[in-house]
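First up is the structure itself, then whatever we jot down about it.
In what follows, chains carry the letters A, B, and so on, assigned in the order in which the sequence lines appear, proteins first and then strands, with residues in each chain numbered from 1. Side-chain atoms are counted along with the backbone in the values below, which use heavy atoms only and exclude waters and symmetry mates. A quick note: this is a predicted structure, and the numbers were derived from the prediction, not measured.
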There are 2 protein chains.
Amino acid sequence: MDNKKATIKDVASHSQVSIKTVSRVINNEYGVSKITKSRVLNSIKALDYNPNKAAQGLRSKKSFLIGLVYDNPDKFYLSDIQSGVLETCAINGFSVVLFPCNYQKSELTDELIEFIKKTNLDGLILTPPISDMKELVKNLQLEIPLCVVSPGLLTSNPLWVSSDDFKASYDMTCHLINQGHRDIGFIKGHKGHGATQHRLDGYLNALSDNNIKIDDRNITEGDFSFDSGEIAAKKLLKNKSPKITAIFASNDAMAAGVMKAAHKAKINIPDKISLVGFDNSPTASQAWPSITTIGQPIKEMASYAAQILIDNISNKSEKKNVNKTFDSELIFRESVRKI
Amino acid sequence: MDNKKATIKDVASHSQVSIKTVSRVINNEYGVSKITKSRVLNSIKALDYNPNKAAQGLRSKKSFLIGLVYDNPDKFYLSDIQSGVLETCAINGFSVVLFPCNYQKSELTDELIEFIKKTNLDGLILTPPISDMKELVKNLQLEIPLCVVSPGLLTSNPLWVSSDDFKASYDMTCHLINQGHRDIGFIKGHKGHGATQHRLDGYLNALSDNNIKIDDRNITEGDFSFDSGEIAAKKLLKNKSPKITAIFASNDAMAAGVMKAAHKAKINIPDKISLVGFDNSPTASQAWPSITTIGQPIKEMASYAAQILIDNISNKSEKKNVNKTFDSELIFRESVRKI
DNA sequence: TGCTACAATGACAACGATATCTATTCTAAT
DNA sequence: ATTAGAATAGATATCGTTGTCATTGTAGCA
């Protein structure tokens, strides 16, 4: 076996061409005849040559690194995001550098800037709730392209992917109404998270459109965590004056919290109270009874986000309108009863 | 503001020294006077200089990249592993490149080799169940250091971190016995996963040491997934001949599966059956009733693994015996009843 | 004083690719 | 034939560091 790694020079002399020609082949540039190209490709295989990323990066001022920024307690969500980004980046020869963080930390912006500089990133992906921190995005003053995933609010950033949280939430609420529910409790997320408002609005609009009066006592706030769901459920189940027959939790983690609260209080789901969540996380399918919820193509979204970011980095696409909103899907399970 | 990024040259001329001296300061090498050093450090700050990783890597033949290989369905486990590795790597100026994979894929070894070459990794971390694939580890023929996390079996690899699964499992079984249980069902994991055997052995030895006869009908197999736990539980609860009063699932996901099966079958936990898991994942604390389980310092382990790997890469430590086994801890909750 | 030893510093090459510019060959149009 | 222009190929500088080796300065010692 070869003792050392083959370099572009070795390939060049092996295939009797200049190193520049090899470089052209590697980078799929014009100006290489088919014959030469195949000869070079053969040599590359024969010598088991892999371009040295450091050298490529040094010369072409790229790092082939994309940063993925997140602060999300939902490990399932995160896992999907990571897989999506990872796969697309791998295909395109990029590596992913993770940046977990705390969105409430005041130094976050500075840390992020520091990170980008140190790591020499070629591009950055922001996921919720970071994607909704307008101030941060503004202050980043990026010289590299940025893609924002699921920004709740309108974003000024040219690159984004998003999901139709409003419609999904609207449809789910209609579903509950169709099942005969009129007193529907709602557990919203915390401020600052873009999804919070959309999901709430979907619920509110569905009620209005069905001529159901909105009762503020039916709406309570969580922070997308299991515990906050349990606490919110206790409140909703205590304020029994408005006789709730169903609860719509803004995500599955909180829905699972609701389920625990119900179990504790010996309130049967779905007999006494129907329950729906949002996210289609394993939590929802593994609960007992399994929880009706809303599925979103998280991994696909992440993958798409990475793709448009990479296209932008490579200037491959000058096309506009690459941004995309992905459809959600209602997933019916055991936690809803018709009344 | 500066138009372009500062380079080592800029720092050198700013502080009136040679670039080599700046390099010495950056790399904490000997042979720089305190005065010079502080002057250089000042310039670095003043110019907001960050060394170019590509150039450093090219010259010193490093990539400052560490690969993290995993194929684990447990997102909570994975998240802890990632955080631990990430933090330590960040502190030491390394980035982490993820390599999710399918441990059953026959081309895995080749893919991994390809990945290492392409990415030019400086080091590699293998997590279960990959860490137990002896054949793969052997065939990797690595020229870079490798650290293996929680190898179930003895590993020939010089670098490893591990947990005392046997002892933890033994202790937990003793706890159940102390609570009066003698007919204890056990759901083991699948073959190939190192933890499977240790956890089973702990259970078996505890029974023997307490003069309890081992009943094979009490032992069933899962694959560490929720679904497999549910299926296994159905079996155990059906073969009711041996009158089980407790079930020990090899991990929390399977324990949660057991809980769902029990709910479905209207078997109350812990009144009819006590239940314990392994891993201290959120699943266990969020279940109702909450599940008694075993906690391991996963994040710490991962962090330590990254540290000894980096030390090895940097040749900082010629010390032996860096490997370490971490203690587990029993976490008592609501799913066990004294009988 | 003269010598050595060692700490501090610097000059310059080298890492492995790409960019720029130039040179050659080939084709087709005049 | 001649030549413009496209297609193809190569020579060489360059990216921003670190490695190697040489040089300088200074303290210690006989």
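Every residue meeting the side chain to side chain contact (heavy atoms under 4.5 Å, CB included) condition with T7(A), not counting sequence neighbours, appears here in chain and number order: K9(A), D10(A). Looking at residues two or more places apart in sequence or on another chain, you find no side chain to side chain donor-acceptor pair (under 3.5 Å) involving N102(B). Not a single salt bridge (charged side-chain N to carboxylate O under 4.0 Å, His left out) links K134(B) to another residue, sequence neighbours left out. Among residues two or more places apart in sequence or in another chain, the side chain to side chain donor-acceptor pair (under 3.5 Å) test is passed with D164(B) by S328(B).
For residues 56-65 of chain A, the pairs satisfying side chain to side chain donor-acceptor pair (under 3.5 Å) are S63(A)-D122(A), with sequence neighbours left out. Counting only residues at least two apart or on different chains, no salt bridge (Lys or Arg N to Asp or Glu O under 4.0 Å) pair has a member in residues 146-162 of chain B. Contacts classified as ring-ring contact (aromatic ring centres under 6.0 Å, His included) and involving residues 9-65 of chain A (residues at least two apart or in different chains) are given here: F64(A)-F94(A). The stretch residues 69-98 of chain B participates, sequence neighbours left out, in these salt bridge (Lys or Arg N to Asp or Glu O under 4.0 Å) pairs: E87(B)-K299(B).
Contact footprint of chain B on DNA chain C: nucleotides with an atom under 4.0 Å from a non-hydrogen protein atom, first to last in 5' to 3' order, dA8(C) to dG16(C).
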For residues 105-114 of chain A, please give each side-chain donor-acceptor pair under 3.5 Å, one per line with the distance, not counting sequence neighbours.
from, atom 1, to, atom 2, distance (Å)
K105(A), NZ, E111(A), OE2, 2.9
E114(A), OE2, K118(A), NZ, 3.0

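A salt bridge links D48(A) and K117(B); the closest N-O separation between the charged side-chain nitrogens and carboxylate oxygens is under 4.0 Å.
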*If a protein heavy atom is under 4.0 Å from the base, mark B; if only from the sugar-phosphate, S; if neither, -; do that for nucleotides 11-18 of chain D going 5' to 3'.*
B-BBBBBB
Please tabulate the protein-to-nucleotide N/O contacts below 3.5 Å involving nucleotides 5-8 of chain D, giving atom names and distances.
none

